[in-house]
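Below, chain A is the first sequence line, B the second, and so on; all start at residue 1.
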Number of protein chains: 2
Amino acid sequence: MEFTAPQSPAGLHTTPSWLLNQAATYAGRLIGEGFAAHDLRGYHYRLLASLAEDGPASQADLGRRCGIDRSDVVAAINDLAGRGLVVRAPDPADRRRNVISSTEAGAEVARRMGETVARVQDDLLAPLSTTERAQLTRLLTRLLEHHSRH
Amino acid sequence: MEFTAPQSPAGLHTTPSWLLNQAATYAGRLIGEGFAAHDLRGYHYRLLASLAEDGPASQADLGRRCGIDRSDVVAAINDLAGRGLVVRAPDPADRRRNVISSTEAGAEVARRMGETVARVQDDLLAPLSTTERAQLTRLLTRLLEHHSRH
DNA sequence: TAACCAACGTTGGTGCGTCCAACGTATCAC
DNA sequence: GTGATACGTTGGACGCACCAACGTTGGTTA
């Protein structure tokens, strides 16, 4: 893949937030291309993966689990339901809620997209040794951990 | 700042591209808030910083220097010119081109936004030691370097 | 029981960053 | 001179993230 990095401003080349942004943009491009093969996007994968891993949930809970706004969950679930990857059923115990469950087809798509994601990691981290990959993962995890507990 | 990290899908918690995306999103939020104080956005900063560091250039060259599409450069330069931060003048040597130069005010705004960016780095990297910050920067640089030379 | 507040799904809209296609104009290489 | 290329510009698209508001339903408290 052709990835032409911006040349400047030179000062940004050593600015962590810029490097982070660039690396994430590149990773996102790889991921996006991989997902395009399934004609789905990031939101769909997050939802399918969450359903596969943690089971059925209301839309609001799904949104919280995946870090997606309630309103965006609606649209994504519409897409997934339209393709039979997910089932939306009213919750008899609480009529405000819809219970979303993955279908067999949905679980299969989640599995294949997961493979795509795994392949992308290898592409992305190709220049780093195993130790360095762990280092990077650890540093990023620490960063996020810290900022999520304000 | 309140940053509520998504809970799941659990598998993503250790996926580098996901961590990268999350960290970049958070950094972008910090940067965006800082820039909002100047009523400007990322594109504007990149352009102003590039002009300050590497001097005047045509819009196309600016786009290449900053990694911004030509068409997006047009709009951003319109904004900057409208605020007197930048001057757009036809290039006498090549009538296809506009030469964009930073004004004094533009240079000053670039400087102040640069300070904002520096402050954000400190916020962002707060949980990491000096050594770890250098490590992170090095790893990300290696990553980008590798992928930009395909 | 009635009043109130909170949570749910949904609609519609905003913003930023990125990218692409197409046009008319100007320049360069042959 | 002709054809390819670069330029600025317009107008549009997409993905992700976010917000305000509404009607409906549920829980809490007076």
Side-chain angles (χ1 to χ4, degrees), chain A residues 1-6 17-18 20-22 24-36 38-47 57-64 66-79 81 88-100, chain B residues 1-6 17-18 20-22 24-36 38-47 57-64 66-79 81 88-100:
Chain A
M1 118 151 266
E2 16 59 74
F3 177 59
T4 53
S17 67
W18 173 254
L20 232 29
N21 178 30
Q22 286 303 107
T25 298
Y26 179 64
R29 196 139 54 201
L30 291 181
I31 292 277
E33 285 168 5
F35 285 176
H38 304 271
D39 198 28
L40 290 173
R41 294 160 298 128
Y43 277 9
H44 301 122
Y45 174 63
R46 290 195 225 170
L47 293 168
S58 72
Q59 296 181 192
D61 280 347
L62 269 179
R64 282 184 287 266
C66 301
I68 303 178
D69 190 271
R70 304 204 306 278
S71 61
D72 298 319
V73 171
V74 174
I77 293 295
N78 283 346
D79 293 345
R88 183 192 256 131
D91 184 342
D94 185 340
R95 292 187 318 193
R96 291 173 302 180
R97 292 185 170 150
N98 291 333
V99 176
I100 310 298
Chain B
M1 116 150 272
E2 17 58 72
F3 177 59
T4 52
S17 68
W18 173 254
L20 233 29
N21 177 30
Q22 286 302 107
T25 298
Y26 179 65
R29 196 139 55 200
L30 291 181
I31 291 276
E33 286 169 3
F35 285 176
H38 303 271
D39 199 28
L40 290 173
R41 292 162 299 128
Y43 277 9
H44 301 122
Y45 175 62
R46 289 195 226 169
L47 293 168
S58 73
Q59 297 181 193
D61 281 346
L62 268 179
R64 282 184 286 265
C66 301
I68 302 178
D69 191 272
R70 305 204 307 277
S71 61
D72 299 319
V73 171
V74 174
I77 293 295
N78 282 346
D79 293 345
R88 183 193 257 130
D91 184 342
D94 185 340
R95 291 188 319 198
R96 290 173 302 179
R97 292 183 170 149
N98 292 332
V99 176
I100 310 298

### Message
Counting only side-chain nitrogens and oxygens, does A:Arg97 get under 4.0 Å of the OP1 or OP2 atom of C:dC8?
### Response
yes
### Message
Looking at D:dG26, I'd like to know if its phosphate oxygens (OP1 or OP2) sit under 4.0 Å from a side-chain N or O belonging to A:Arg95.
### Response
yes
### Summary
Looking only at C:dT18, D:dA17, D:dC7, the nucleotide nearest the A:Thr25 side chain is C:dT18
### Message
Tell me if a side-chain donor or acceptor on B:Arg46 pairs with a main-chain N or O of B:Cys66 at a distance below 3.5 Å.
### Response
yes
### Query
CZ of B:Arg64 to CG of B:Asp69: how many Å apart, nearest 0.5 Å?
11.5 Å
### Query
Would you find a donor on one side and an acceptor on the other, under 3.5 Å apart, between the side chain of B:His38 and the backbone of B:Phe35?
no
### Task
Measure the distance from CG on A:Asn21 to P on C:dC16 and round it to the nearest whole Å.
15 Å
### Task
Examine C:dT10: is either OP1 or OP2 under 4.0 Å from a nitrogen or oxygen in the side chain of A:Asn98? Give yes or no.
yes
### Separation of atom CG in A:Leu47 from atom C1' in D:dC16, rounded to whole Å
13 Å
### Query
Contact class for B:Gly42 (heavy atom, under 4.0 Å): base, sugar-phosphate, or nothing?
sugar-phosphate
### Task
Nearest whole angstrom, please: distance from the C1' of C:dA7 to the CZ of A:Arg96.
5 Å
### Task
Indicate whether OP1 or OP2 belonging to C:dT18 is found under 4.0 Å from a side-chain N or O atom of B:Arg41.
no
### Query
For the pair made of CG in B:Asp69 and C1' in D:dT10, what is the distance, rounded to whole Å?
12 Å
## Note on the structure
Quick note, B:Ser58 side chain, CB onward, closest among C:dT18, D:dG8, C:dC16 is D:dG8
### Summary
Of C:dT10, C:dT18, D:dG26, the nucleotide closest to the side chain of A:Asp94 is D:dG26
### Query
Of the nucleotides C:dT18, D:dT5, C:dG12, which has the atom closest to the A:Ser71 side chain?
C:dG12
### Message
From the set C:dT10, D:dA17, D:dA6, return the single nucleotide nearest to any side-chain atom of A:Tyr43.
### Response
D:dA17
### Query
Expressed in angstrom and rounded to an integer, what is the separation of A:Glu33 atom CD from C:dT18 atom P?
16 Å
### Task
Using atom CG of A:Leu30 as one end and atom P of D:dG15 as the other, report the distance to the nearest whole Å.
17 Å
### Summary
In terms of heavy-atom contacts, B:Ile100 and B:Arg88 come closest through CD1-CG, 3.7 Å
### Query
Counting just side-chain N and O atoms, does A:Arg64 come under 4.0 Å of either OP1 or OP2 of C:dC8?
yes
#### Entry: Phosphate OP1/OP2 of D:dC7 contacted by B:Gln59 side-chain N/O (<4.0 Å)
no
## Note on the structure
Taken to the nearest whole Å, CZ/A:Phe35 to C1'/D:dC16 is 13 Å
### Task
Answer yes or no: does a side-chain N or O of B:Arg88 lie under 4.0 Å from OP1 or OP2 of D:dT9?
yes
### Task
For A:Gly28, answer base if it contacts any base atom (sugar-phosphate contacts may also be present), sugar-phosphate if it contacts only those atoms, and nothing otherwise; contact means non-hydrogen atoms under 4.0 Å.
nothing
### Candidates D:dC19, D:dA17, C:dC8 - which lies nearest the side chain of A:Asp72
D:dA17
### Message
On a heavy-atom basis, which atom in A:Asp72 and which in A:Ile68 lie closest, and how many Å separate them?
### Response
CB-CG2, 3.7 Å
### Query
Between atom CD1 of A:Ile77 and atom CG of A:Asn98, what is the distance when rounded to the nearest 0.5 Å?
9.5 Å
### Task
Rounded to the nearest angstrom, tell me the gap between atom NE2 in A:His44 and atom P in D:dA17.
13 Å
### Query
Reckon A:Arg70 touches a base, only the sugar-phosphate, or nothing at all at heavy-atom distances under 4.0 Å?
base
